[in-house]
Amino acid sequence: MAMDILRSPVSAVRLFNGGATRSRRFNVRATLPFPQQNAKHYKELQAAIDVVQRACRLCLNVKSSLFSTDGKVLEKNDQTPVTVADFGVQALISFELNKLFPSIPLVAEEDSAFLRTRNLAGTVLDAVTDTASSTCKPLTQDDVLEAIDRGGKDAFVFGSKPATYWVLDPIDGTRGFLKAGKALYVVGLALVVEGEIVIGVMGCPNWEEDLSEKSSVEIEEGWDSLGGSGTVMIAHKGCGTWMKSLNSQLKSSGVWTRCFVDGSDIIHKARFCIPDSQTWESLPLTSLFNATSNADNVGSNQILLLGACCGSLCKYLMVASGRASIFILRAKEKTIIKAWDHAVGIICVHEAGGKVTDWKGSDIDLAADHVGRRIIFPSGGVLVANGNLHNKILQIINQTSRV
């Protein structure tokens, strides 16, 4: 058996809202938390975990000098801050995946045009070289630029038939990456096979474990993997969603915790996430509920709004882990919604027992952009929630739209 189980699964029950909401926790110490024979894409998942963990280390290396070294903070033409880490992560992941799976194309956020015009390829090369796996020959600047462009908008034309490809957001939440505090950012990678998302890996280098929701037994057994030093979340179709600490060494055993969405079934007791660019007043539920960020004083006509800067994937991470109940996003005019901001989050929430649809209740269609698979077109917006609340929220949206 490919998986070496060093410890029997440990189950526990955690309670929310005075015992009104229950979710399960299972811990497994292993290279992966399920047998290879149960996972059709086991090898792809192993590779994805390895490269996302390397990418997170690249982010930490760059961020450690971000506020003291000139040239590490850049800005794209659309005024979105982007870093050497953003380009470095895409180059690293593209390079590593192409070595192992050369026939699978990559859909990713960046292309190398910006680096070429600013002569920054050497800076990115240094960041990639520090974290890449061993190669037969040293990497060059051309290797880095080609790796980045392998995921660019002109790299591959798909057509209307179901396709197989990787989807990468090198850093979702670059504004969070640039902040000196605890703002979350995520490296997100998913594999789509014949039009279906089959695996997903999210790495969040500054995720902090919430020990208040663990039993003393869980804390003792998983103590070596705790410490607020980030997390990696994985999902495989039919095998569930799991998390472990980024503390665990590459290709070594670690404590995997099974993830489930929370069990909240009352809207005003749920914990909400919304995009940082949108306000509660712009969303349909504002006609019924006001929002507060004060968890200690939530009124009967209020909902708790969580802060989770800065991108979309950290909101998916919070819902899939049970830390948040709902993530709701409005599709605004003239705003393009990118596939890489949602693909890996979708499978992580699904495998944790949640639902992801547009505001009409339809599944998110990753193939709507026939040419590049880069854009999605959710009707009204995106709704991410546990099964208990999802239909209730859709009903409110439908009633509000009629009015």
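Numbers for residues simply follow the sequence, beginning at 1. Keep in mind that the numbers below use all heavy atoms, side chains included, and drop hydrogens, waters and symmetry copies. Bear in mind that the values here come from a model prediction, so they are computed numbers and not experimental data.
The closest side-chain heavy-atom distance from Leu58 to Asp130 is not below 4.5 Å. Inter-residue side-chain proximity for Ile104 and Leu191 is flagged as met; some heavy-atom pair is nearer than 4.5 Å. Side-chain contact between Ile93 and Pro170: absent, with no pair of heavy atoms (C-beta onward) separated by less than 4.5 Å. Annotation: side chain of Val201 is in contact with side chain of Val232 (closest heavy-atom distance under 4.5 Å). Put simply, the side chain of Ser264 reaches to within 4.5 Å of the side chain of Asn386, judged on heavy atoms. Contact check for Lys244 versus Thr231: no side-chain heavy atoms found under the 4.5 Å cut-off. With a 4.5 Å cut-off on side-chain heavy atoms, Cys204 and Val186 count as touching. Under the 4.5 Å side-chain criterion, counting only non-hydrogen atoms from C-beta, Ile326 is in contact with Leu383.
A distance of 12.5 Å separates NZ of Lys40 from SG of Cys239, quoted to the nearest 0.5 Å. Atoms CE and CG, from Met318 and Leu313 in turn, are 13.5 Å apart once rounded to the nearest 0.5 Å. We find the CZ-OG distance between Phe87 and Ser112 to be 8.5 Å, quoted to the nearest 0.5 Å. Of the inter-residue distances, the one linking His350 atom NE2 with Asp363 atom CG reads 6.0 Å to the nearest 0.5 angstrom. For the atom pair Leu317 CG and Ser312 OG, the distance stands at 12.5 Å (nearest 0.5 Å). Distance CE/Met233 to OG1/Thr257: 10.0 Å, rounded to 0.5 Å.
Both cation-pi conditions hold for Arg323 and Trp207: the charged atom is under 6.0 angstrom from the six-membered ring centre and inside a 45 degree cone around its axis.
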- Task: Please test Trp166 against Leu97 for side-chain contact (heavy atoms from CB on, under 4.5 Å), starting from the C-alpha separation and ending with a verdict.
- Result: CA-CA 9 Å; Trp166 297 99; Leu97 291 180; 3.7 Å; yes
- Trace of the side-chain contact (heavy atoms from CB on, under 4.5 Å) decision for Phe34 with Trp242: CA-CA 10 Å; Phe34 37 79; Trp242 300 77; 3.8 Å; yes
- Evaluation steps, side-chain contact (heavy atoms from CB on, under 4.5 Å), between Leu92 and Arg54: CA-CA 8 Å; Leu92 172 67; Arg54 291 182 187 275; 3.9 Å; yes
- Message: Between Trp359 and Ile328, is the side-chain contact (heavy atoms from CB on, under 4.5 Å) condition met? List the steps.
- Response: CA-CA 9 Å; Trp359 285 12; Ile328 183 168; 3.8 Å; yes
- Could you check Asp86 against Thr174 for side chain to side chain donor-acceptor pair (under 3.5 Å), going step by step and ending with a plain yes or no? CA-CA 8 Å; Asp86 211 12; Thr174 50; 5.4 Å; no
- Task: Could you walk me through whether Phe289 and Trp280 pass ring-ring contact (aromatic ring centres under 6.0 Å, His included), step by step?
- Result: CA-CA 9 Å; Phe289 302 99; Trp280 179 253; 7.7 Å; no
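Aromatic ring centroids of Tyr165 and Phe158 lie under 6.0 Å apart. Taking the six-membered ring where the residue is Trp, the centroids of His342 and Tyr316 are separated by under 6.0 Å.
The residues Lys315 and Asp341 are annotated as not salt-bridged, no charged nitrogen and carboxylate oxygen being separated by less than 4.0 angstrom. Comment: Lys137 does not engage Asp143 in a salt bridge, judged by the lack of any side-chain N to carboxylate O separation of less than 4.0 angstrom. A salt bridge is defined here as a Lys NZ or Arg NE, NH1 or NH2 lying under 4.0 Å from an Asp or Glu carboxylate O, and Glu196 with Lys237 meets this definition.
Under the 3.5 Å distance criterion, the side-chain polar atoms of Ser282 are left unmatched by any main-chain donor or acceptor of Gln278. A donor-acceptor contact shorter than 3.5 Å is absent between the side chain of Asp358 and the backbone of Gly381. When atom types are taken as modelled, the side chain of Thr117 and the backbone of Phe114 share a donor-acceptor pair closer than 3.5 angstrom. For the pair Thr164 (side chain) and Glu194 (backbone), a donor-acceptor distance under 3.5 Å is present. A donor-acceptor pair under 3.5 Å is formed between the side chain of Thr400 and the backbone N or O of Ile396. Under a 3.5 Å cut-off, the side chain of Asp111 and the backbone N or O of Asp149 do not form any donor-acceptor pair. Under a 3.5 Å cut-off, the side chain of Arg57 and the backbone N or O of Leu246 do form a donor-acceptor pair. Under the 3.5 Å distance criterion, the side-chain polar atoms of His41 are left unmatched by any main-chain donor or acceptor of Ile199. Without hydrogens or angle criteria, Glu351 side chain to Gly238 main chain gives a donor-acceptor distance under 3.5 Å. Side chain of Asn398 to backbone of Lys360: no donor-acceptor contact under 3.5 angstrom is found.
Summarising the geometry of Trp340 relative to Ala108, their closest heavy-atom pair is CZ3-O, 3.5 Å, with the distance given to 0.1 Å. Nearest heavy-atom pair across Ala127 and Val62 is CB-CG2, 4.2 Å. Of all non-hydrogen atoms in Tyr42 and Gln36, the two that sit nearest each other are CD1-CA, 3.4 Å. When every heavy atom of Gly151 is checked against every heavy atom of Arg374, the shortest pair comes out as O-NH1, 3.2 Å. Closest approach of Gly311 to Asp276, counting heavy atoms only: N-OD2, 4.0 Å. Of all the heavy atoms in Ile397 and Pro284, the pair that sits closest is CG1-CG, 3.9 Å.
Residues Ser94 and Arg150 have side chains that bring a donor and an acceptor to within less than 3.5 angstrom of each other. Judged purely by distance below 3.5 Å, without hydrogens or angles, the side chains of Asp262 and Ser325 pair a donor atom with an acceptor atom. Inspection of the His268 and Ser300 side chains reveals no N or O donor paired with an N or O acceptor under 3.5 Å.
Classification of the Phe177-Tyr185 ring pair by plane angle, with boundaries at 30° and 60°, yields perpendicular.
Heavy-atom contacts from other residues, nucleotides or ligands closer than 6.0 Å to NZ of Lys392 number more than 12.
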